[in-house]
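First comes the structure, then the notes that go with it.
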Amino acid sequence: MPLYRDEGIVLRTQKLGEADRIVTLLTRGLGKVRVVGKGVRRTKSRFGARLEPAMMVDLQCYEGRSLDTVTQAETLASWGDVLARDYTTYTSAAAMLETADRLTEEREPNLQQYLLLQGALRSMAEGVHDPGLVLDAYLLRALAIAGWAPSFHDCARCGAVGPHRAFNLAAGGTVCPVCRPPGSAAPAPQTLALLAALLAGDWVVADASETRHRREGSTLASAFLQWHLERGVRSLRLVDRRDSSATATPA
């Protein structure tokens, strides 16, 4: 059976039998693949710890009839270990991994999604920016790559030059007064500016944003994602969106 080699990021794992595990990865060359790691749940496994979520590995596999089998795995980046030390980064990373899994198809190469996930996990592990901002930037950009880029300035329906205040999920972002459907949200202008900055990668604007606008932006980004996926991303419910630097105010 032919061997192949690729680098990939572990998205999720599931048990198989008594000692094996099915590992789902987003790879650079092949797209999303599901492979079997034989014996990786045993304590003496050669590469069990390398096939955990958020780990970036260099894999060698051989093709099988239904599932391929891992024959070698070398660690390229151990982000999983770093991210697991903090609840906020761990849950934020889990939401990104689940989103990547949902936005990609098996054996369909998607280099843009792979590089985006790689950069987001690296940024979160290095603590370059607030984890919530990194997560929201990832969600918006992943949707854009998938063909669902939101508008935060011009009207998403007619293209009328903005800025516009109303935001509608079904319409695709901000809408002008003429196109505004009933029930549209009216987020703060600073929130829309923050989301636009995250989508564009303007971290100067994003890092200077206020906590209230980050929270409102996170709500919109999560809702926009789940609208297009048509069902919830379970990991998003676990993400701690509180500002760790904020001081509690006495009642």
Side-chain angles (χ1 to χ4, degrees), residues 7-13 25-28 49-58 73-103 111-145 152 190-222 224-225 233-249:
E7 68 176 53
I9 298 169
V10 180
L11 301 180
R12 61 186 171 91
T13 64
L25 304 101
L26 182 58
T27 68
R28 173 183 283 271
R50 301 169 190 170
L51 298 177
E52 292 292 338
M55 299 291 282
M56 181 178 173
V57 293
D58 179 75
E74 299 295 335
T75 302
L76 297 178
S78 55
W79 295 318
D81 177 57
V82 176
L83 295 170
R85 298 173 189 173
D86 177 78
Y87 178 81
T88 301
T89 58
Y90 175 77
T91 52
S92 297
M96 292 194 297
L97 295 174
E98 184 178 351
T99 299
D101 191 10
R102 297 279 296 281
L103 288 176
L111 182 59
Q112 285 184 295
Q113 290 286 7
Y114 174 77
L115 293 177
L116 177 66
L117 180 61
Q118 181 189 91
L121 290 171
R122 178 186 293 112
S123 177
M124 191 169 290
E126 294 175 353
V128 178
H129 306 287
D130 177 82
L133 292 179
V134 176
L135 170 60
D136 292 337
Y138 170 77
L139 298 180
L140 295 173
R141 295 182 198 179
L143 283 168
I145 292 173
F152 298 117
Q190 296 91 331
T191 299
L192 294 175
L194 167 61
L195 292 173
L198 292 174
L199 181 60
D202 187 345
W203 287 102
V204 174
V205 172
D207 289 336
S209 60
E210 297 182 15
T211 300
R212 55 178 175 157
H213 300 136
R214 294 184 184 186
R215 289 177 176 171
E216 187 175 38
S218 295
T219 300
L220 292 177
S222 298
F224 196 77
L225 170 73
V233 175
R234 292 178 297 174
S235 302
L236 281 175
R237 298 197 299 263
L238 304 176
V239 178
D240 186 356
R241 293 291 192 173
R242 292 174 298 178
D243 181 9
S244 59
S245 63
T247 303
T249 304

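Counting from 1, the numbers follow the sequence of the chain as shown. Just so it is clear, the values below take in all heavy atoms, side chains as well, and ignore hydrogens, waters and symmetry mates.
Here the closest non-hydrogen pair linking Pro131 and Thr88 is CB-CG2, 4.0 Å. Pairing each heavy atom of Arg141 with each of Ala200, the nearest pair is NH2-C, 4.4 Å. Asp240 and Thr91 get closest at one heavy-atom pair: N-OG1, 4.0 Å. Here the closest non-hydrogen pair linking Asp136 and Arg214 is OD2-O, 4.4 Å. The two residues Met96 and Ala120 make their nearest non-hydrogen contact at SD-CB, 3.7 Å. In terms of heavy-atom proximity, Ala54 sits nearest to Trp79 at O-CB, 3.5 Å.
In this structure, the separation between CG on Leu199 and CG on Leu139 is 11.5 Å, given to the nearest 0.5 Å. Considering OG of Ser235 and CZ of Arg102, their distance stands at 10.0 Å, rounded to 0.5 Å.
Just one of Leu11, Asp101, Val57 meets the side chain to side chain contact (heavy atoms under 4.5 Å, CB included) condition when paired with Leu25; it is Val57. For the side chain to side chain contact (heavy atoms under 4.5 Å, CB included) with Leu76, the lone residue among Arg50, Gln118, Glu7, Met55 that qualifies is Glu7.
Considering only heavy atoms from C-beta on, Ser209 stays 4.5 Å or farther from Gln190 through its side chain. Residues Leu133 and Leu194 meet the side-chain proximity criterion, which asks for heavy atoms closer than 4.5 Å. Considering only heavy atoms from C-beta on, Thr13 comes within 4.5 Å of Pro53 through its side chain. Residues Leu117 and Tyr138 meet the side-chain proximity criterion, which asks for heavy atoms closer than 4.5 Å. Counting heavy atoms from C-beta outward, Leu83 and Asp86 have side chains that stay 4.5 Å or more apart.
Looking at residues two or more places apart in sequence or on another chain, you find a side chain to side chain contact (heavy atoms under 4.5 Å, CB included) between Ala196 and Phe152.
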Would Leu135 and Leu236 count as a side chain to side chain contact (heavy atoms under 4.5 Å, CB included) if you check the C-alpha gap in whole Å, the side-chain angles of each, and the deciding distance to 0.1 Å? CA-CA 10 Å; Leu135 170 60; Leu236 281 175; 4.1 Å; yes
When you look at Asp130 and Asp207, which way does the side chain to side chain contact (heavy atoms under 4.5 Å, CB included) test go after all the steps? CA-CA 8 Å; Asp130 177 82; Asp207 289 336; 5.9 Å; no
Residues Leu26, Leu97; criterion side chain to side chain contact (heavy atoms under 4.5 Å, CB included); working and verdict: CA-CA 9 Å; Leu26 182 58; Leu97 295 174; over 6 Å; no
When you look at Arg28 and Leu111, which way does the side chain to side chain contact (heavy atoms under 4.5 Å, CB included) test go after all the steps? CA-CA 6 Å; Arg28 173 183 283 271; Leu111 182 59; 3.7 Å; yes
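Judged by distance alone, with hydrogens and angles left aside, the side-chain atoms of Gln113 form no donor-acceptor pair with the main-chain N or O of Ile145 at under 3.5 Å. A donor-acceptor pair under 3.5 Å links the side-chain atoms of Thr219 to the main chain of Arg215, judged by distance alone. A donor-acceptor contact shorter than 3.5 Å links the side chain of Glu98 to the backbone of Arg234. Between the side chain of Glu216 and the backbone N or O of Thr191, no donor-acceptor pair lies under 3.5 Å.
Under a cut-off of 6.0 angstrom, the local environment of CZ in Phe224 is crowded, with over 12 non-hydrogen atoms contributed by other residues, nucleotides or ligands.
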